[in-house]
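Down below is the structure, laid out as structure tokens.
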Amino acid sequence: MKHYFIKTFGCQMNVYDSERIAGILQNLGYREAAAPKDADLIIFNTCHIREKAAEKVFSDLGRINLIKEERRQQGLDTVIGVVGCVVQAEDEQIAKRAPFVDFATGPLTYHRIPEILAKIGRQKGAPVIDTDFPAESKFDYLPQNDNRSSCAFLAVQEGCNNFCTYCVVPYTRGAEYSRPVKEVVAEARQLVQNGALEINLLGQNVNSYHGEDTAGKERPLSYLLRELARIDGLQRLRYTTSYPADMTDDLIECHHDLDKLMPYLHLPVQSGSDRILKAMNRRHTSADYLRVVEKLHKANPAIGMSSDFIVGFPGETDEDFRATLDVVNRVKYIQAFSFKYSRRAGTPAALLKNQVEEKVKKERLDILQDLLFSYQLKFNKSSIGKVMPVLFESKGRGRSQLFGRTPYMQNLHAELDKNFLNKIVNIKITEAATNSLIGVVEG
Ligand code: SAH
Ligand code: SF4
Ligand code: F3S
């Protein structure tokens with residue numbers, strides 16, 4: 001029996017894609033290996049978003065080649081494949097810098113892995129590289145999603161038409177595509193039948209979703225959420241990542257109407273300076289963004305916000321940066337991700353002359369993160385003594401520990417019997433740090 005090992009870099013969409021690739025391989029008779037050295041097929045699902053992410057792929061590939069060599073000495077063949085966003089952007093680099101790679105295929109063509117593997121069997125030698133933006137949808141070719149986790153991802157939208165000037169995603173994932181409503185609902189039902197209590201709808205720009213219903217009418221994300229909320233057994237719904245300018249009133253209303261929709265939204269603002277937002281080609285000002293947040297709070301006063309931030313975008317002044325801190329102080333995010341601007345070849349911002357010095361980027365990132373973490377810690381501390389429903393999705397660090405998440409996506413660890421795994425349990429929060437909570441069963 002053949003074994004596979006998949007290593008996933010990057011965002012939740014890549015996690016979802018890796019699960020689907022595992023499904024393809026299981027259909028071909030492969031089983032999951034515990035470690036790369038036990039695998040006949042090693043796949044890297046890669047991320048190209050920042051320079052560090054892409055460079056990590058190449059350095060880790062070097063290590064995998066050593067494993068391939070060791071296995072060769074034991075008389076074992078190893079196929080190495082690279083999929084994901086690095087392939088779409090750097091197919092030539094892969095052939096040059098990692099010639100030992102046997103195949104490479106972009107995020108939109110991994111449904112072709114069975115044909116690719118057959119081709120490799122026939123023609124040893126040059127890597128098989130497929131970076132097509134195909135006319136067909138990969139979703140029409142994938143086997144049924146057999147993921148069995150209680151907390152599942154479901155891709156409903158892929159690609160991006162926004163072309164923020166710093167971002168590679170429109171080039172790596174292509175133009176926006178929305179899966180038909182019926183197809184999404186069928187996959188959600190399957191996931192729930194397999195034990196999912198929570199489904200997180202994914203898309204690079206998920207709230208631009210406009211999938212067709214059976215009559216061929218385009219439907220927005222709000223329609224899809226209302227359809228999915230009707231599935232018996234499904235307890236929790238989330239969606240990520242949203243674009244501020246696409247937060248329509250019908251979608252905001254869902255946060256009032258749907259009990260299953262969790263009171264947490266990741267809505268990246270990137271910067272608080274209107275001048276920088278314009279240079280980033282974002283279609284919102286900071287005032288537009290704050291208005292959306294206010295409407296969300298009106299729809300559900302309990303909602304907690306999260307965001308992504310970029311510091312040191314070309315031309316960012318101290319004043320621009322202060323405007324970002326100002327937005328943080330207004331919104332009081334309960335969680336956030338912040339990055340130094342990374343210059344990505346092929347994007348418009350990479351060509352701008354007024355790049356910000358590394359030292360300044362680092363200083364600003366430190367200041368921003370201190371502020372973000374202070375709000376996150378404050379929110380987590382305010383949870384102490386409260387009782388929250390926690391979905392325990394995996395084993396925790398310690399032997400008798402389980403790991404779960406609150407409605408606010410807070411990480412929570414509890415000393416609990418494994419019978420509580422894959423259940424939603426009322427937990428009283430006893431301790432809180434910046435990145436995690438500890439709690440005990442209530443009652
Ligand atoms: N689809 C997601 C974006 C994925 S990238 C969305 O639209 O939110 C995740 C985050 O990475 C972005 O929100 C942005 O904050 C950051 N990012 C993207 N390109 C970057 C770059 N060139 N340098 C630094 N951070 C970047
Ligand atoms: Fe990238 Fe902007 Fe699209 Fe998000 S909205 S994926 S940051 S181009
Ligand atoms: Fe990375 Fe591609 Fe996701 S570049 S962040 S894996 S869409």
Side-chain angles (χ1 to χ4, degrees), residues 7-18 21 44-57 82-90 106-108 110 131 153 155-177 201-209 239-247 265-272 276-277 279-284 289 306-314 316 324 333 335-352 355-356 358 361-362 364-365 368-369 372:
K7 184 172 162 101
T8 307
F9 302 79
C11 63
Q12 290 158 324
M13 185 74 93
N14 262 12
V15 174
Y16 174 83
D17 288 337
S18 291
I21 292 169
F44 272 27
N45 192 3
T46 61
C47 175
H48 196 250
I49 200 77
R50 283 169 289 275
E51 191 180 349
K52 253 197 201 147
E55 282 310 308
K56 175 118 180 54
V57 169
V82 185
V83 301
C85 289
V86 169
V87 177
Q88 209 63 48
E90 299 200 56
L108 305 183
Y110 63 75
T131 52
F153 290 131
V156 302
Q157 181 280 334
E158 185 164 19
C160 186
N161 296 346
N162 285 328
F163 290 93
C164 300
T165 52
Y166 50 82
C167 183
V168 295
V169 171
Y171 312 97
T172 65
R173 295 267 172 179
E176 275 178 19
Y177 167 76
L201 306 181
L202 300 182
Q204 266 80 42
N205 185 5
V206 72
N207 60 340
S208 78
Y209 176 87
Y239 60 94
T240 199
T241 298
S242 294
Y243 187 74
D246 293 327
M247 280 314 292
L265 189 68
H266 182 62
L267 190 63
V269 67
Q270 311 298 357
S271 166
I276 295 296
L277 287 170
M280 286 176 163
N281 192 33
R282 303 280 290 181
R283 284 181 286 114
H284 60 88
Y289 180 88
S306 151
S307 178
D308 291 338
F309 296 90
I310 296 177
V311 298
F313 182 84
E316 187 188 67
T324 300
Y333 293 97
Q335 205 183 97
F337 305 88
S338 43
F339 314 98
K340 287 184 282 187
Y341 167 72
S342 170
R343 204 171 175 175
R344 307 306 285 134
T347 62
L351 301 175
L352 295 174
Q355 300 287 326
V356 173
E358 184 59 30
K361 285 190 208 173
K362 188 172 178 328
R364 288 184 187 160
L365 187 66
L368 176 62
Q369 291 190 336
L372 289 169

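Values in this document were obtained by computation on a predicted structure and should not be read as measured data. In listed order, ligands and their atoms are each counted from 1. As a basis for the values below, the full set of heavy atoms in this structure was taken, side chains included, without hydrogen atoms, waters or symmetry mates.
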(request) Could you tell me which residues satisfy salt bridge (Lys or Arg N to Asp or Glu O under 4.0 Å) with Glu158, sequence neighbours excluded, listed by chain and number? (result)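 With sequence neighbours excluded, Glu158 shows a salt bridge (Lys or Arg N to Asp or Glu O under 4.0 Å) to Lys138, Arg173, given in chain and number order.
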
(message) Please determine whether a side-chain nitrogen of the Lys or Arg among Glu316 and Lys361 lies less than 4.0 Å from a carboxylate oxygen of the Asp or Glu.
(response)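 No, this pair does not count.
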
Between [X] and ligand 1, is there a nitrogen or oxygen pair with a distance under 3.5 Å?
X      : value
Arg282 : no
Asn205 : no
Asp308 : yes
Arg344 : no
Tyr341 : no

(message) Please give me the protein atoms (N, O or S only) lying under 2.8 Å from atom 3 (Fe) of ligand 2, ordered by chain and number.
(response)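 The answer is Cys160 SG.
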
(request) Take atom 18 (C) of ligand 1 and look for protein heavy atoms under 4.0 Å from it; say yes if you find one, no if not. (result)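 Yes, there is a protein heavy atom closer to it than 4.0 Å.
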
(message) Can a donor-acceptor pair be found, under 3.5 Å and without considering hydrogens, that links the side chain of Glu51 to the backbone of Arg344?
(response)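 Side chain of Glu51 to backbone of Arg344, a donor-acceptor pair under 3.5 Å: no, none is there.
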
Below 4.0 angstrom from a heavy atom of [X], which ligand 3 atoms are there? Numbered from 1 as shown, please.
X      : answer
Asn14  : 6 (S)
Cys85  : 2 (Fe), 4 (S), 6 (S), 7 (S)
Gln204 : 7 (S)

(request) Would you indicate whether the side-chain heavy atoms of Tyr243 and Ser208 approach each other to under 4.5 Å? (result)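 No, every pair of side-chain atoms sits at 4.5 Å or beyond.
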
(request) Determine whether Val311 and Thr324 make a side-chain contact, defined as any pair of heavy atoms from C-beta on separated by less than 4.5 Å. (result)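 Heavy-atom side-chain distance check fails, nothing below 4.5 Å.
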
(request) Take every heavy atom of Lys340, measure it against each atom of ligand 1, and state whether any distance is under 4.0 Å. (result)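 Under 4.0 Å: yes for Lys340.
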
(request) Write out the residue and atom name of the closest protein heavy atom to atom 26 (C) of ligand 1, then the distance separating them to 0.1 Å. (result)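 In this structure, atom 26 (C) of ligand 1 has Arg50 NH1, 3.4 Å as its nearest protein heavy atom.
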
(message) Students should be able to answer this: which protein heavy-atom is nearest to atom 7 (S) of ligand 2, and at what distance?
(response)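 In this structure, atom 7 (S) of ligand 2 has Tyr166 OH, 3.4 Å as its nearest protein heavy atom.
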
(request) Have a look at ligand 3 and work out which part of Met13, if any, has a heavy atom under 4.0 Å from it: side chain, backbone, both or neither. (result)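 Neither part.
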
(message) Under 2.8 Å from atom 2 (Fe) of ligand 3, is there any N, O or S atom belonging to Cys47?
(response)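 Short answer: no, not a single N, O or S atom is under the cut-off.
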
(request) Provide the number and element of each atom of ligand 1 under 4.0 Å from a heavy atom of Pro268. (result)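 Reading through ligand 1 atom by atom, the close ones are 8 (O).
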
